[in-house]
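See structure below.
First listed ligand is number 1; within each ligand, the first listed atom is number 1. Source: prediction; values computed, not measured.
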Amino acid sequence: MDVTAELKRRSGRIESAIDRLLPAKTVRPERLHEAMRYSLQAGGKRLRPVLVVASAELFDPQGRTDPLPAAVAVECIHTYSLIHDDLPCMDNDDLRRGRPTAHKAFDEATALLAGDALLTEAFALLSRAYAGNPALAQALVHELAQAAGSQRLIGGQMADLLAERQGNAGTGDLEFIHLNKTAAMIEASLVMGGLCGGASPEAIERLRSAGRNLGMAFQVIDDILDATADSASLGKTAGKDAKAGKATFVSLHGLEASRAHARDYTDRSVAELARLPGGALFLAGLAEAMAARSH
Ligand code: GRG
């Protein structure tokens, strides 16, 4: 299978769904909607929404339930977290998705509000798009709220900030941070796709485990790339972690052991995916393509 071509096909559908489902920038207040679209339409890799759509297709190849609103909701949350993470009170970054961060392109207050609005829009979108199937709407809202909440995405970010301030993070802390700051949203993406597709409870648990391991692999690879790649190819500031004296997989375990960890998490994820309908070939291919980036 040509994973790159498949990825392109799916991300094209996601770009048009984002354009269709988000308020237009001509809607008042124009500056806020422009800022939301500026960050959302800046050309991220769209990994999470692609996972939602690909996971739904495994169980509902005819597309009886449209997974695109769920995919866009996940991308709204992810983008809000990036906007807030880049703010001066957090990572204070100038570059994101290859262009100036939201607070640089607009101003701090507008960036904060654009993030808030994307967070809220995600849940409005789910409740609106799946109103005809209240059980599905409830399950999707629950899954996304859990993944984005104080014990997962936001909790992981808090733990990350505390670890940076205290400068004494160990491997257990790092695992907590990665599992929640990064893996939670990747896990939720596969699960939400499964929910849209009508997957059984057993399949949902398999998706959850595959997503958790894929998310951990993703973060270890992100740590490796931060230490080895340049800003131009990453589209964000490279070498930041080392400069900030941050604990990462690379700083705690070294480059070679980190590559072995990335391989291990990828293998676990692929093993779970192989037990899903059709062997989840595209998702497994995507996991392998991600792993290949760390070499
Ligand atoms: C502010 C609540 C809150 C959370 C912030 C996402 C995040 C949590 C911080 C960003 C910094 C970071 C290293 C997060 C780990 C996850 C990660 C690598 C995000 C970047 O995801 P990509 O590479 O980005 O998929 P694109 O731009 O391609 O969507």
Which one of Q157, M158, M185, H84 has a non-hydrogen atom at the shortest distance from atom 8 (C) of ligand 1?
->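 Selected option, by shortest heavy-atom distance: Q157.
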Residue from I18, D19, L32, L118 passing side chain to side chain contact (heavy atoms under 4.5 Å, CB included) with R37 =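 Of the listed residues I18, D19, L32, L118, the side chain to side chain contact (heavy atoms under 4.5 Å, CB included) partner of R37 is D19.
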Please report the shortest heavy-atom distance between T110 and A35, naming the atom on each side.
->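 Nearest heavy atoms, T110 then A35: CG2-CB, 3.8 Å.
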Ligand-residue contact atoms, ligand 1 with [X], heavy atoms, under 4.0 Å:
X: R97; answer: 26 (P), 27 (O), 29 (O)
X: I154; answer: 2 (C)
X: Y80; answer: 2 (C)
X: T182; answer: 15 (C), 16 (C)

Side chain or backbone of [X] under 4.0 Å from ligand 1, or both, or neither, by non-hydrogen atoms?
X: Q219; result: side chain
X: D222; result: side chain
X: K45; result: both
X: L82; result: side chain

Looking only at distances, please establish whether an N/O atom of ligand 1 is found under 3.5 Å from an N/O atom of R48.
->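 Such a contact does occur with ligand 1.
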For K181 and ligand 1, does the shortest N/O to N/O distance drop below 3.5 Å?
->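 N/O-N/O distance under 3.5 Å: no.
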Find the distance between CG (L281) and CD (E6) and round it off to the nearest 0.5 Å.
->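 Reported value, rounded in 0.5 Å steps: 10.5 Å.
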Side-chain ion pair, K104 and D93, N-O less than 4.0 Å =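 Salt bridge between K104 and D93, a charged N being under 4.0 Å from a carboxylate O: no.
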Would you confirm whether S81, through its side chain, and H78, through its main-chain N or O, come within 3.5 Å as a donor-acceptor pair?
->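 Yes, S81 side chain to H78 backbone: donor-acceptor pair under 3.5 Å.
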I186-Y80 co-clustered via ILVMFWY side chain contacts under 4.5 Å |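 Yes; Y80 is reachable from I186 via cluster members.
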Just by distance, with hydrogens left out, do N180 and Q151 show a side-chain donor and acceptor under 3.5 Å apart?
->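 The criterion, which ignores hydrogens and geometry beyond distance, is not satisfied for Q151 and N180.
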So F249 and H178, would you call those rings parallel, tilted or perpendicular, with 30° and 60° as cut-offs?
->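 Parallel.
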